[in-house]
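FYI, side chains are in, hydrogens and waters are out, and symmetry mates aren't considered; it's all heavy atoms of this structure.
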Amino acid sequence: ANAIPKWLDLEVGYVYIADWNCHDDYFSHRHRYSLGFDLGHKLTKRLSTDLRCKWQSTYKKQDGKSFKWDPKDYLRIRLGFDYKIKKLPLYPHVSAEAFWTTNCPDGDHLENIRYVAGVKYKVTKRNTIDLGFQYDDEMNVANPKDRGMVFLGYKFKF
């Protein structure tokens, strides 16, 4: 028997990120940890929704010469919708996600809203490919950078 209901997904994550800073000639190293859950619900036979809540912490080296680490923590909340195309393994989807700081010295605040539109292709029951467009709308930061990007993703479900 499965102890976790089908409508609930639990997440524990770790990502290592190394960015090259060509201006100062060094790598920026980041370690990102996350904990979260995803609640899914079928609204109709083909339309489903999910609500994800995730806490994320990123530790990064401040500059190339020191070893001071500065954590940046967020509470991320996403609402999304998927639609199942009849007789095809395709799922168009849209979502909006808010990033709320949880350890800002100047006070916690909404820092980013991410909008996503794409299509998932279910290769098998556990393997999915995702292609889409993402737009990030930064706010309440010193130099807000709004940006759009095309993405390609792969997901394996245990």
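- Note on Y91 and L43: separate hydrophobic clusters, where clusters join Ile, Leu, Val, Met, Phe, Trp and Tyr whose side-chain heavy atoms are under 4.5 Å apart, directly or indirectly.
- Using a 4.5 Å heavy-atom cutoff, the side chains of L131 and F151 are not in contact.
- Remark: side-chain polar atoms of T49 are paired, donor with acceptor, to backbone N or O of G80 under 3.5 angstrom.
- Y154 is linked by a ring-ring contact (aromatic ring centres under 6.0 Å, His included) to nothing, counting only residues two or more places apart in sequence or in another chain.
- Neither V15 nor Y59 shares a network with the other; the hydrophobic side chains, linked directly or stepwise wherever heavy atoms of I, L, V, M, F, W or Y lie under 4.5 Å apart, form separate groups for each.
- By the 4.5 Å heavy-atom criterion applied to side chains, L110 and M139 are counted as neighbours.
- The side-chain heavy atoms of H31 and Y14, taken from C-beta on, include a pair separated by under 4.5 Å.
- For K42 against K45, the heavy-atom pair with the smallest separation is NZ-O, 3.7 Å.
- Residues meeting the salt bridge (Lys or Arg N to Asp or Glu O under 4.0 Å) test with R147, sequence neighbours left out: D136.
- For the pair D73 (side chain) and N103 (backbone), a donor-acceptor distance under 3.5 Å is absent.
- Interatomic distance, CD1 of I77 versus CD of E97, reported as 9.5 Å (0.5 Å rounding).
- Between K122 and K125, the shortest heavy-atom contact is CE-O, 3.8 Å.
- Counting heavy atoms from C-beta on, the side chains of L39 and L8 come closer than 4.5 Å.
- Considering CZ of F81 and NE2 of H93, their distance stands at 14.0 Å, rounded to 0.5 Å.
- The two atoms that bring A117 and V94 nearest to each other are CB-CG1, 4.2 Å, heavy atoms only.
- Linking ILVMFWY residues whenever their side-chain heavy atoms come closer than 4.5 Å, directly or via other members, places V123 and I85 in the same cluster.
- For the atom pair OG1 (T58) and CD1 (I17), the distance works out to 6.0 Å, reported to the nearest 0.5 Å.
- At least one side-chain heavy atom of R78 sits under 4.5 Å from a side-chain heavy atom of D38.
- Atom OH in Y83 sits 11.5 Å away from atom OG in S48 (nearest 0.5 Å).
- To the nearest 0.5 angstrom, H109 atom NE2 is 4.5 Å from T101 atom OG1.
- The side chain to side chain contact (heavy atoms under 4.5 Å, CB included) search around K54 returns E11, S34, R52, Q56, R76, not counting sequence neighbours.
- Atom CZ in F99 sits 14.5 Å away from atom CG in N140 (nearest 0.5 Å).
- No single ILVMFWY cluster, assembled from side-chain heavy atoms under 4.5 Å apart, contains both V12 and F37.
- At a threshold of 4.5 Å between side-chain heavy atoms, the hydrophobic network of Ile, Leu, Val, Met, Phe, Trp and Tyr places Y135 and V116 in two separate groups.
- When all heavy atoms of Y74 and T102 are compared, the pair lying nearest together is N-OG1, 3.9 Å.
- Nearest heavy-atom pair, D137 versus D146, reported as atom, atom and distance to 0.1 Å: OD1-OD1, 3.2 Å.
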